Amino acid sequence: MAGVVSLFILNRNGSLIYSLETQGSSQLSSNDKIRLSSTFHGDDVSCISAIAAQISPVKRSGGPFSFLQTTGIRTLDADTFRLQCFHTATGVKIFCVMLPPYVDADILLRQVYSHYSDYVLKNPFYELDMPIRCEPFEKEVQRSLSEFQGR
Amino acid sequence: AGVMVIDLERWRQRHASQLIAEWIAMNARRRLWLHGSQPPLLLLFHDEVVSLHWSWNVDGLGHRLNYPKNVQRAWIYNFYTFGRGRKLLCREEWNRTRACRDIAEESKYVSGLLITLKSFAQQLGPPRTQAFLAYSTPQYKLHSFETISGYRFVLTTDPSVPDQQECLREIYEIFVEHVIKNPLYQLGDELEHCPVFKTKLHSFLMTRPFFASPFQSVVA
């Protein structure tokens, strides 16, 4: 069954704080997931998103609120999958891996962000930038994912 | 209606008018072709032509502007060719609004990024993932085509430009035809001995709908 197979959330420093994989994905070990996620992110120079911004041939368009427009990779296509990333204004990155036929996962990523704000950030016991271990959040994400797949 | 641009100096040097008159006379004696003026021109110049950008053809003399709207905005920024060992063989640029300060550094970034992306894709994706194809940011989109022999062809464009694997594949064929088969070219050199490759590359890219920029070539 095609569609979204895995979902990752990175904090502002590029560390993995949440991951979700369904049966279709490649079943990485947790070390691999951490390593790959920080390769994707980039505040320091050795990472993909940072270098992608460095080699950009286009100036960032100015105007009011231009600091809110994030650079960084939105989609990444390979021959067997697509990765789509949602960059939030606070530096949190939410990305998912999809198999063909590809759909636009923007809605799903935004929903996950909204669950993150509701169930994680408002949780008084959650420390910012730490791995997410909030049961309501995980339940809601599972629910959004199956609704999204069901379309 | 079509548009043709002629270099009159070279036309005169080649005595083209005379030769065309001879072809037409031959056609009058024995029917060689069916339609008007195009065939003798093709017979005379066959592959010494360069395609013009579609916007030369101002059909309706400017009062009718029914070009597809999305084509107006799309842009191409850069084209790179990398050989084995991350060596930059060819770099072309158009329309950049953010100048590149250091070409050597940029080429190191791009080639390193491609290698990282390829291994990232192979690890993250399902098994049997072979290649990374493209990524897009809000500012630009980068397309990459890698051959089995280790050459990489890279294109950076506006994010709205669709998938360009076919385009890069055709550029690879032009590359094989005019660079690899060129006896003066040593494998691994930069492409100075192959001006034909650059001309063919430009004329091919000018036929792409995303190439909306001042044109450079006319009939050779």
Side-chain angles (χ1 to χ4, degrees), chain A residues 2 5-6 8 19 21 23-29 31-33 35-42 45-62 66 68-87 95-100 102, chain B residues 75-80 91 93-103 105-146 154-159 162-165:
Chain A
V5 291
S6 47
F8 300 90
S19 75
E21 287 169 292
Q23 308 91 316
S25 72
S26 51
Q27 307 300 336
L28 301 160
S29 76
N31 261 347
D32 283 339
K33 281 187 266 188
R35 189 170 47 82
L36 287 177
S37 312
S38 52
T39 312
F40 180 70
H41 163 90
V45 193
S46 59
C47 306
I48 292 177
S49 291
I51 299 190
Q54 291 249 1
I55 63 175
S56 165
V58 174
K59 273 211 249 325
R60 292 179 55 166
S61 50
S66 65
L68 284 180
Q69 191 202 41
T70 50
T71 56
I73 297 183
R74 288 285 186 272
T75 56
L76 190 145
D77 284 325
D79 51 355
T80 50
F81 73 95
R82 164 182 282 195
L83 181 151
Q84 187 165 350
C85 179
F86 175 60
H87 295 253
F95 64 92
C96 67
V97 175
M98 290 182 269
L99 297 181
Y102 301 134
Chain B
W75 296 87
I76 180 176
Y77 298 121
N78 274 108
F79 170 76
Y80 307 88
R91 180 183 183 279
E93 89 169 45
W94 308 265
N95 314 320
R96 280 182 73 123
T97 50
R98 184 170 168 269
C100 167
R101 272 169 302 230
D102 184 351
I103 290 187
E105 192 190 337
E106 184 200 57
S107 81
K108 264 194 289 189
Y109 278 147
V110 176
S111 57
L113 187 62
L114 292 175
I115 295 177
T116 311
L117 282 167
K118 181 176 172 182
S119 96
F120 176 77
Q122 283 173 335
Q123 289 171 57
L124 187 63
R128 286 192 312 276
T129 302
Q130 292 280 3
F132 141 78
L133 303 178
Y135 71 75
S136 55
T137 74
Q139 280 79 33
Y140 70 103
K141 186 167 180 177
L142 183 141
H143 314 257
S144 155
F145 174 72
E146 185 176 350
V154 175
L155 211 57
T156 55
T157 64
D158 184 88
D163 181 65
Q164 292 300 314
Q165 287 296 307

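Here is how names work: the chains are called A, B, and so on, in the same order as the sequence lines, proteins then strands, and each is numbered from 1. Just so we're clear, the structure is a prediction, and the values are computed from it rather than from any experiment.
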What is the minimum heavy-atom distance between [X] and [Y], and which atoms define it?
X: A/T39; Y: B/T116; value: CG2-CG2, 3.8 Å
X: B/A121; Y: A/F81; value: O-CE2, 3.3 Å
X: B/R98; Y: A/S56; value: NH1-O, 2.6 Å
X: A/L99; Y: B/P126; value: CD2-CG, 3.7 Å
X: B/F120; Y: A/L36; value: CE1-O, 3.3 Å

Would you check if A/I55 and B/L142 make a side-chain contact, meaning some heavy-atom pair closer than 4.5 Å? yes
What part of A/R35 gets closer than 4.5 Å to chain B, counting heavy atoms only: side chain, backbone, both or neither? side chain
Less than 4.5 Å to any heavy atom of chain A: does that hold for the side chain of B/F132, its backbone, both, or neither? both
Residue B/T156 versus chain A: region with a heavy atom under 4.5 Å: side chain
Distance-only, no hydrogens or angles: does the A/D77 side chain make a donor-acceptor pair with backbone N or O of B/L133 under 3.5 Å? no
Got a donor-acceptor contact below 3.5 angstrom from the B/Y135 side chain to the A/L83 backbone? no
Residue from B/H143, B/Q123, B/E93 scoring the most non-hydrogen pairs under 4.5 Å with chain A is B/Q123
Most contact-rich option vs chain A, by heavy-atom pairs under 4.5 angstrom, among B/C100, B/S136, B/S119, is B/S136
Between CD1 of A/I73 and CG of B/L117, what distance do you get to the nearest 0.5 Å? 6.0 Å
Value for CZ (A/R74) from CD (B/Q139), rounded to nearest 0.5 Å, stands at 8.0 Å
